[in-house]
Visitor: 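Let me begin by handing over the structure; questions about it come next.
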Amino acid sequence: MNLLDLIWMIPLFPAVGFVINGIFGKKLPKPAVAVIASGAVLVSFLMAAGAVYQLSQRPVEERSHNVAVYHWIDGGSAHTMSGDVERFAVDWGFLLDPLSSVMVLVVTGIGFLIHVYSAGYMYEEDGFYRFFAYMNLFMFSMLTLVLGNNYVMMFVGWEGVGLCSYLLIGYYFLKRSAGDAAKKAFIVNRVGDWGFSIGIFMVFMTVGSLEFTTVAERFHEGAAAGHFHAGDTWLVVMALALFVGATGKSAQVPLYVWLPDAMEGPTPVSALIHAATMVTAGVYMVARSNFIFQLAPQAMAVVAVIGALTALMAATIGIVQNDIKRVLAYSTVSQLGYMFLALGVGAFAAGVFHLMTHAFFKALLFLCSGSVIHALHHEQDLRNMGGLKDKIPVTFWTMTIGTLAIAGTPGLAGFFSKDEILWQAFSSSHGHILLWLIGAIVAGITSFYMFRLLFMTFFGEYRGGKAHHHDDHGHGAHAIHESPKAMTIPLMILAAGSLLAGYVGMPKWLSSGGSSFEHWLEPVFEPVPGVAAEVAHYGEGVEIGMAAVSVAVALIGFFIAYTTYYRKSDRAERVSAQFKGLYTAMLNKYYIDELYDWLFVNRAKDGGRFLWRFDSKIVDGVVNGSAATTVQSALGSGWWDRWIVDGLVRFTGGLIKTASWPVRLIETGYTQNYALVMVLGLLVLGGYLLWGTP
């Protein structure tokens with residue numbers, strides 16, 4: 001069977017699961033709902049694995065397979081920058097190449113494990129079928145995003161994951177904070193989508209196509225022919241517009257503020273969003289558009305700087321957070337900053353490599369946190385935990401592996417991908433010693449806050465009072481216990497991935513053939529003629545030394561966490577008191593949310609109140625020529641809404657009602673009238689056939 005021609009079915013199965021559970025799930029038993037949702041994703045994973053295997057058997061130059069399901073959009077013609085007339089045409093099509101292969105395996109593989117875990121975690125929740133319907137819709141949207149063969153298909157999936165994030169973050173819709181977080185995620189992402197849509201328009205106006213393979217070919221050909229030059233203003237603006245979209249979807253400064261609040265959704269949702277789906281979309285889009293960014297070095301510098309600053313800022317906030325999920329949320333923002341740092345210095349393969357390894361250990365960490373929360377019956381405050389090591393041993397050991405991986409422990413997945421990013425930040429011609437320094441500092445901070453989380457959760461004495469209690473969700477009292485196998489088995493699989501996934505990308509000093517992962521992605525990240533980034537020629541000894549430095553920094557972070565939280569010293573209290581201002585600022589997330597409220601939210605409210613306060617009296621003031629009356633009437637109520645907003649609605653309704661008047665005369669709703677018209681029509685037709693034809 002040629003699975004490459006059937007890649008369009010990979011997103012189809014989750015869509016079918018969404019339809020079945022969405023329509024019939026309320027009447028189905030919960031196990032059936034879980035089997036349908038999880039089974040749909042499993043079939044997608046198996047099909048994806050088979051298709052990727054078949055792709056890998058092809059010669060390197062043929063590892064790109066397009067499937068056009070049907071011709072979707074056929075618009076008008078437009079003049080491109082070269083003066084050619086191109087017709088705007090878009091297929092509903094799918095592309096499997098080395099980059100989308102990595103993404104589709106991550107999305108379906110990690111997604112399946114999260115679905116299985118969710119069956120145990122969400123079993124007692126109301127709206128069980130609704131949750132799994134949304135999860136399947138999320139998978140369909142993300143698979144459409146990563147498999148779509150053009151920017152419009154990507155945008156469809158892009159908006160789909162935005163909708164699903166709104167639905168899943170706001171799953172507890174009776175909880176005000178969940179509803180507010182869902183709206184925040186939706187609105188902030190619309191800001192990023194504005195930039196992304198402008199970037200898409202600019203791509204079409206530049207090369208006359210939106211299909212990835214065609215766009216890449218035309219950029220390479222244009223650069224070779226001298227039509228495009230590195231640093232052209234148009235190309236820089238295009239790259240920055242695309243990056244604005246990425247900052248929203250992948251939570252980078254300044255549009256990162258929605259992601260920590262996404263913790264209001266169920267924990268499996270956090271794992272799905274943070275590890276395998278939505279937040280990786282921006283990284284994937286920039287990597288997919290690498291030929292544009294190669295021609296825009298100024299934009300690449302912005303990407304690298306924003307990534308480094310985001311990584312540092314989010315890591316420092318994570319140091320002092322006390323909610324176990326919020327620590328991991330800021331960790332995600334920080335690790336995404338690492339990925340953009342790699343993309344910004346031209347190490348596209350390293351950025352995607354970290355995306356892949358991060359999916360394993362961050363999904364593991366979030367699901368482990370969910371297991372802790374499940375054991376403590378929805379307790380999320382680290383200060384109310386402790387002493388859980390022997391009570392939930394599977395969760396403890398798997399979370400320890402995840403912590404070691406994200407901290408960059410040699411031999412685990414995070415070490416290989418993080419070390420490659422730091423090395424590229426130092427050695428690439430687009431890199432800089434300051435970028436490497438920030439990355440190294442972030443590595444130490446990451447080690448500190450992750451071991452802080454581990455020690456506060458599992459070591460010492462239990463600080464949560466009685467082990468038997470009743471929770472706010474109305475569930476019964478119970479003792480601290482390990483999670484069911486539906487939850488612990490996915491943890492074990494993800495722990496194995498966190499241990500082993502990094503070995504596909506070992507550096508040259510550990511593998512004579514170099515990184516097989518990088519070799520796999522080489523066709524996608526082919527250098528644009530004349531603008532290829534040259535890596536500085538350092539010996540392997542320098543690279544090994546840099547790796548040793550990053551490990552040493554991580555060890556420093558571990559020992560600070562160990563002496564502060566494991567040995568129960570009062571260092572944390574002393575330091576927080578000594579640097580009270582800085583501690584308070586980090587605890588309150590540098591007051592960025594408050595700043596955005598003041599700058600944007602409250603000003604939007606003020607604008608709405610101003611328009612509402614206009615009254616029809618303002619017209620009388622103008623007619624009477626009285627300036628005072630005009631000003632006073634502006635403080636009335638409802639002019640804008642009454643005459644503009646409501647007026648347009650009433651005008652539209654009235655226009656349709658008037659235009660439909662002749663049709664309403666014959667659409668009476670009486671069956672006998674319709675039968676009479678049918679009989680008369682038959683009589684007229686019969687008379688014409690008998691006497692009207694020659």
Side-chain angles (χ1 to χ4, degrees), residues 1-20 22 40-41 43-45 47-48 50-52 54-55 63-78 86-105 107-108 111 133-134 136-164 193 196-205 207-218 242 245 249 277-278 280-282 284-285 287-289 524:
M1 181 184 295
N2 184 5
L3 293 176
L4 289 172
D5 289 334
L6 299 177
I7 56 174
W8 57 273
M9 297 182 67
I10 296 174
L12 178 65
F13 286 106
V16 172
F18 160 70
V19 172
I20 293 174
V41 182
V43 174
S44 292
F45 171 71
M47 287 199 66
V52 172
Q54 291 182 358
L55 186 75
R63 289 178 183 168
S64 179
H65 190 76
N66 262 298
V67 176
V69 179
Y70 63 88
H71 193 58
W72 181 27
I73 300 174
D74 192 1
S77 301
E86 296 284 353
R87 190 165 188 82
F88 183 78
V90 177
D91 289 335
W92 188 268
F94 299 90
L95 168 68
L96 191 69
D97 68 353
L99 178 58
S100 58
S101 295
V102 173
M103 296 299 299
V104 74
L105 289 177
V107 171
T108 56
Y134 291 164
N136 271 181
L137 182 61
F138 207 142
M139 294 296 296
F140 164 75
S141 300
M142 190 65 191
L143 289 170
T144 300
L145 190 157
V146 301
L147 283 175
N149 70 351
N150 59 76
Y151 280 101
V152 178
M153 285 281 292
M154 177 186 281
F155 192 75
V156 170
W158 191 276
E159 294 303 303
V161 295
L163 169 64
C164 294
D193 295 349
F196 185 31
S197 59
I198 290 175
I200 292 174
F201 294 143
M202 295 180 72
V203 170
F204 179 78
M205 292 302 297
V207 296
S209 177
L210 292 175
E211 187 177 328
F212 294 134
T213 53
T214 303
V215 173
E217 288 174 1
R218 293 184 180 179
L242 294 173
K249 199 64 71 181
T277 57
M278 184 169 173
T280 64
Y284 169 71
M285 184 267 288
R288 175 63 73 188
S289 307
V524 181

Visitor: Looking at every heavy atom in both Ile7 and Ala51, which two are closest together, and how far apart are they?
Guide: CG2-CB, 4.0 Å

Visitor: Using atom types as modelled and distance alone, determine if a side-chain donor or acceptor of Ser44 lies under 3.5 Å from a backbone N or O of Ala40.
Guide: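 At least one qualifying donor-acceptor pair exists.
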
Visitor: With sequence neighbours excluded, tell me which residues meet salt bridge (charged side-chain N to carboxylate O under 4.0 Å, His left out) with Arg218.
Guide: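 Glu86.
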
Visitor: Do Leu143 and Met103 make a side-chain contact, defined as non-hydrogen atoms from C-beta onward lying under 4.5 Å apart?
Guide: no

Visitor: The criterion is salt bridge (charged side-chain N to carboxylate O under 4.0 Å, His left out); which residues satisfy it with Asp97, sequence neighbours excluded?
Guide: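 Asp97: salt bridge (charged side-chain N to carboxylate O under 4.0 Å, His left out) contacts with Arg288.
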
Visitor: Are side-chain heavy atoms of Tyr70 and Asp91 found at a separation under 4.5 Å?
Guide: no

Visitor: Please report the C-alpha distance between Val90 and His71 in whole Å, then the side-chain angles of each, then the deciding distance to 0.1 Å, and finally whether the side-chain contact (heavy atoms from CB on, under 4.5 Å) criterion is met.
Guide: CA-CA 7 Å; Val90 177; His71 193 58; over 6 Å; no

Visitor: May I ask you to decide if the ring planes of Phe212 and Tyr151 are parallel, tilted or perpendicular, using 30° and 60° as cut-offs?
Guide: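 Rings of Phe212 and Tyr151: perpendicular, as their planes differ by over 60°.
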
Visitor: Is there a donor in the side chain of Thr213 and an acceptor in the side chain of Glu211, or the other way round, less than 3.5 Å apart?
Guide: yes

Visitor: Can you name the closest pair of heavy atoms from Ile200 and Leu242 and give their distance?
Guide: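 For Ile200 versus Leu242, the nearest heavy atoms are N-CD2, 4.1 Å.
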
Visitor: Okay, side chain of Gln54, backbone of Leu3: is any donor-acceptor separation there less than 3.5 Å?
Guide: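 Indeed, once roles are kept as given, a pair shorter than 3.5 Å links the two residues.
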
Visitor: So, Phe18 versus Phe140, ring centres under 6.0 angstrom or not?
Guide: no

Visitor: Would you find a donor on one side and an acceptor on the other, under 3.5 Å apart, between the side chain of Ser100 and the backbone of Leu95?
Guide: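 Flag set: sc Ser100 to bb Leu95 pair under 3.5 Å.
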
Visitor: Which is it for Trp8 and Leu6 under the side-chain contact (heavy atoms from CB on, under 4.5 Å) test, yes or no, and what are the steps along the way?
Guide: CA-CA 5 Å; Trp8 57 273; Leu6 299 177; 4.0 Å; yes

Visitor: Keeping Lys249 on the side-chain end and Thr280 on the backbone end, is there a donor-acceptor pair under 3.5 Å?
Guide: no

